[in-house]
**Student:** 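For reference, the structure I am asking about is given below.
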2 protein chains.
Amino acid sequence: MNAEILSVGTELLLGELIDTNAQYIAVRLPALGIDCYGMHQVGDNEQRLEAALRGALARADLVIMTGGLGPTEDDVTREAIAATFGEPLSPDPALEEALRARFAGRNIPLVERNFKQALRIPSARAIPNPRGTAPGWWVERDGKIVVAMPGVPSEMYLMWEEQVATELARHPTGATILSRTLKTNGLGESILDEMISPLLKSTNPSIGVYAKRDGVHVRATAKAPTIEACRALIEPMEAALRQILGDAVWGTDDETLATVAGRLLKERGLTVATMESCTGGLLAAAFTEAEGSSAYFRGGLVTYATDVKALEGVDPVLIEQHGVISDAVAADMARAARERFGADIGIGVTGVAGPAEQEGKPPGTVHIGIDVGGTGRAEPYRMPQGRQMVQQRAVMTALFQLRRRLLQA
Amino acid sequence: MNAEILSVGTELLLGELIDTNAQYIAVRLPALGIDCYGMHQVGDNEQRLEAALRGALARADLVIMTGGLGPTEDDVTREAIAATFGEPLSPDPALEEALRARFAGRNIPLVERNFKQALRIPSARAIPNPRGTAPGWWVERDGKIVVAMPGVPSEMYLMWEEQVATELARHPTGATILSRTLKTNGLGESILDEMISPLLKSTNPSIGVYAKRDGVHVRATAKAPTIEACRALIEPMEAALRQILGDAVWGTDDETLATVAGRLLKERGLTVATMESCTGGLLAAAFTEAEGSSAYFRGGLVTYATDVKALEGVDPVLIEQHGVISDAVAADMARAARERFGADIGIGVTGVAGPAEQEGKPPGTVHIGIDVGGTGRAEPYRMPQGRQMVQQRAVMTALFQLRRRLLQA
């Protein structure tokens, strides 16, 4: 089965928004044995959208659409699909009821315009949207499938995961494609590339190396008649890669450094607390991003103003002697965080996010301290330039170092 | 003049790469008076690429292509353009010479394959590539223009800035396009749409309504011979929109809630501190995202574990009486943050990010307290579902309410 992705929204054509929805879907099609032969972004214009949909349907078995399902006048995806299949739009009582129920739950008035989202054509089956007011559409006719989902990523993701992906998996396709991603930290892209160069020649599984925010990822992609056959191809490759990359590999596939560190903390029944300055709360946020993080994350302090650090228990003498941008202060921030929040482990992050230098230290200078039950240790790092880049890398490095300490413990 | 953007590369269809090139170009077309009516991503397949190019040329005056100009076998952009216009590819001596000179400059062997990049069709004019080996193509025929540039962003950007943009600017399009975005918070998309519905009928400027993370945006886009004429069309519309939307409008164009709140704090010489639970540090991070935020952001506390709140100065009696998910506790968190960090203003955020409920309160329940110099006030909110969604909305709402309080003060 081959597919095309059709994203709707004038913001896309103005470049105000980048089409991450198409990427989200494209990444997930191979595992379903579906080849993607084209992606398209069109504006909120019914005629042009209908033309684009007709074109895609002429080429592909499956057209996956996102966007244009809102309640406003310029949301025209339903109209375009109806026109393409030559079917009338009419109100679906069940959808109207669901809409009423949803609005009743929150104190927002339900206006006439909202009922546009309860319209349906005979060939369309509604796909529930647990996170929004716009139901999706599953249209199956003349051997073609059109799936329409909302453009709001959080709504679309859930609709895809819980319903569309499962439904598509039921449709028989020739081959299956399976990928396995190993996520590393601490190795540069080119160095890693050289380390595994003998394996890069492999064609099935094929190997890809990608530099990402949280480190360098290595992906093995196998194509075979069944998932099991794919696994049989991937397993020896994964073993060979791990042999070479060792403990630089911190996780796989959908794992994040925060979920990996969180799992280790849970397994060991340990709690953690943070005190951070240059990362401004992003380290605490990384921990709390994971569901159930309250089991191991006690709390955090963002000591942004320098005097606040002393105020919050960092030894003023150390600040006096070493300056706030130092290993000594990072380690003491970790201790202070651990003690004041009554946690087993404390993490301290201090540095210069930039663009201006601080204490004569250049932007990108970051010191990370980790205190496990009273044993503190801190290390200096030099992150790449760019305020947000420095903050992100500092958070990732802190989580990676925490994982390392937990595995040593 | 209207255009379509055609990006070439199988990585795009696998989602390994996101099409930032199309965005880069799209953002720059309106100022040239060019309307973009479609973007497309196709793989390294000559037949499909040719079909896509023919389709785009049938609809648009201008087709801007990126990618597929490399020296390898699967770089087929030149072949596809040649086939589309039915013109033969032949070596261009000048391009071959340039290629030799370029390789001579570095110690890389020039292999036969490289000469592929010196091929040209009669209707194509080469566009020099100062940063790479692949020259671009400017093809003009039958009143249509096809511009082909390399996919490597750094090469494409320079080629665009120094040559393509200038060249396109010379083509009389008779119009310039200018947009003005008003950013609102606190109004639902459908309600806002109804409020301004009389204005939605306007065609120049045209009005678009978009639901974004930080609220609903309203964009007025004017088309006129000059920028000044565009401004003259937009100004009365902006005034009319502001008349209706009032203080729901918190910013324009590139402004963010964090920069707007930060600017107000700076102007008034006030400092702020935060105590947050369900947002896990994201509120503090939002403040520190802006450069120079140390001028007004003192620090923050992430009181994730319930007992930590009391530990950090929240009145245990209030927690006892009202529970942690309450206005009373949100207001007291604001007070505690203000006092302990010695700030003028404190913000407290407590709520249920989900997915599990807490104290019998459903996910999405959020209470935000703001304490300005001792005068505290808190309000309850009900955010849409989805853990990250709840956190983001809570942060945006807190910043919006802070702005409101600052404007009242």
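Each chain gets a letter, A, B and so on, in the order its sequence line appears, and its residues count up from 1. Both backbone and side-chain heavy atoms feed into the values below; hydrogens, waters and symmetry mates do not. Computed from a predicted structure; not experimentally measured.
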**Student:** With a 4.0 Å cut-off, would you call B:R219 and A:E16 a salt bridge?
**Tutor:**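 Counted as a salt bridge, because a side-chain N and a carboxylate O are separated by less than 4.0 Å.
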
**Student:** Determine the option with the most heavy-atom pairs under 4.5 angstrom with chain B, choosing from A:F287, A:F297, A:Y37.
**Tutor:**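 Max contact count across the listed options: A:Y37.
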
**Student:** Below 4.5 Å from any heavy atom of chain B, which atoms of A:D19 appear? Answer side chain, backbone, both or neither.
**Tutor:**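 It is the backbone, since no side chain atom gets that close.
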
**Student:** Quick check on the interface: out of B:A52, B:G299, B:S190, who has the most heavy-atom pairs with chain A under 4.5 Å?
**Tutor:**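 If we count pairs closer than 4.5 Å to chain A, B:S190 comes out on top.
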
**Student:** Less than 4.5 Å to any heavy atom of chain A: does that hold for the side chain of B:L311, its backbone, both, or neither?
**Tutor:**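 Just its side chain gets close to chain A.
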
**Student:** For B:K309, is it the side chain, the backbone, both or neither that has a heavy atom under 4.5 Å from a heavy atom of chain A?
**Tutor:**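 Contact with chain A involves no heavy atom of B:K309 at all.
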
**Student:** If you measure from CG on B:L13 to CD1 on A:I5, what distance do you get to the nearest 0.5 Å?
**Tutor:**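 The CG atom of B:L13 sits 8.0 Å away from the CD1 atom of A:I5.
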
**Student:** So do A:F341 and B:L301 actually touch side chain to side chain, heavy atoms under 4.5 Å?
**Tutor:** yes

**Student:** Counting heavy-atom pairs closer than 4.5 Å to chain A, which one of B:P362, B:S294, B:G208 comes out on top?
**Tutor:**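 Top count of heavy-atom pairs under 4.5 Å with chain A: B:S294.
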
**Student:** Using a cut-off of under 4.5 Å for heavy-atom pairs, which of A:L158, A:L6, A:V111, A:V42 has the most such pairs with chain B?
**Tutor:**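 So the answer, after comparing A:L158, A:L6, A:V111, A:V42, is A:V111.
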
**Student:** Closest approach of B:A26 and A:G15, non-hydrogen atoms and distance?
**Tutor:** CB-N, 3.9 Å

**Student:** Run through A:H40, A:E4, A:Q41 and flag the one making a side-chain contact (heavy atoms from CB on, under 4.5 Å) with B:Q41.
**Tutor:** A:Q41

**Student:** Heavy-atom pairs under 4.5 Å with chain A are the metric here; pick the option from B:A356, B:G188, B:P355, B:G43 that has the most.
**Tutor:**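 The residue among B:A356, B:G188, B:P355, B:G43 with the greatest pair count is B:P355.
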
**Student:** Using non-hydrogen atoms and a 4.5 Å limit, figure out which bit of B:Q391 sits close to chain A: side chain, backbone, both or neither.
**Tutor:**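 The answer is the side chain of B:Q391.
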
**Student:** Of the listed residues (B:M39, B:Q23, B:M389), which shares the most heavy-atom pairs with chain A below a 4.5 Å separation?
**Tutor:**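 Winner by heavy-atom pair count: B:M39.
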
**Student:** Chain B: which of A:N114, A:V152, A:T303, A:T274 shares the most heavy-atom pairs with it under 4.5 Å?
**Tutor:** A:N114

**Student:** Given a strict heavy-atom distance threshold of 4.5 Å, which part of B:A290 is in contact with chain A: side chain, backbone, both, or neither?
**Tutor:**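 For B:A290, the backbone is the part near chain A, not the side chain.
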
**Student:** Given the options A:E112, A:R131, A:R48, A:E291, which has more heavy-atom pairs under 4.5 Å with chain B than any of the others?
**Tutor:** A:R48

**Student:** Does the side chain of B:P30 come within less than 4.5 Å of A:L14's, by heavy atoms?
**Tutor:** yes

**Student:** What part of B:N45 gets closer than 4.5 Å to chain A, counting heavy atoms only: side chain, backbone, both or neither?
**Tutor:** neither

**Student:** What part of B:I25 gets closer than 4.5 Å to chain A, counting heavy atoms only: side chain, backbone, both or neither?
**Tutor:**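 Contact with chain A involves no heavy atom of B:I25 at all.
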
**Student:** Is B:L283 close to chain A through its backbone or its side chain, or both, or neither, when contacts mean heavy atoms under 4.5 Å?
**Tutor:** neither

**Student:** Would you mind checking if A:E289 and B:R387 are paired as a salt bridge, meaning a charged N to carboxylate O distance below 4.0 Å?
**Tutor:** no

**Student:** Given that the side chain runs from C-beta out, which part of B:Q388 has a heavy atom under 4.5 Å from chain A: side chain, backbone, both or neither?
**Tutor:** side chain

**Student:** Can you tell me how far apart CG (B:L192) and OG1 (A:T72) are? Round to the nearest 0.5 Å.
**Tutor:**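 If I round to the nearest 0.5 Å, the distance is 10.0 Å.
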
**Student:** Is it the backbone or the side chain of B:T10 that comes under 4.5 Å from a heavy atom of chain A, or both, or neither?
**Tutor:** neither

**Student:** Of the backbone (N, CA, C, O) and the side chain (C-beta and beyond), which part of A:T271 lies under 4.5 Å from a heavy atom of chain B, both, or neither?
**Tutor:** neither

**Student:** Identify the two heavy atoms, one from A:V302 and one from B:A284, that lie closest to each other, and give their separation to 0.1 Å.
**Tutor:** CG2-CB, 3.8 Å

**Student:** Checking A:D35 against chain B: side chain, backbone, both or neither under 4.5 Å from a heavy atom?
**Tutor:** neither

**Student:** Taking every heavy-atom pair that is under 4.5 Å apart, which of B:R340, B:R59, B:E189 has the most such pairs with chain A?
**Tutor:**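 Top option by heavy-atom pairs under 4.5 Å: B:R340.
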
**Student:** Any chance NZ of A:K223 has more than 12 other-residue heavy atoms, nucleotides or ligands included, within less than 6.0 Å?
**Tutor:**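 No, not enclosed.
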
**Student:** Highest number of heavy-atom pairs under 4.5 Å with chain A: which of B:A51, B:G281, B:A285, B:G300?
**Tutor:**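 Between B:A51, B:G281, B:A285, B:G300, the count favours B:G300.
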
**Student:** Of all heavy-atom pairs between B:Y210 and A:D44, which one has the smallest distance, and what is that distance?
**Tutor:** CE2-OD2, 4.2 Å

**Student:** What I'd like to find out is whether the side chain of B:I18 reaches to under 4.5 Å of the side chain of A:T20, using heavy atoms alone.
**Tutor:** yes

**Student:** Does the structure place the NZ or CZ of B:R298 under 6.0 Å from the centre of the six-membered ring of A:Y304, at an angle of no more than 45° from the ring's axis?
**Tutor:** no

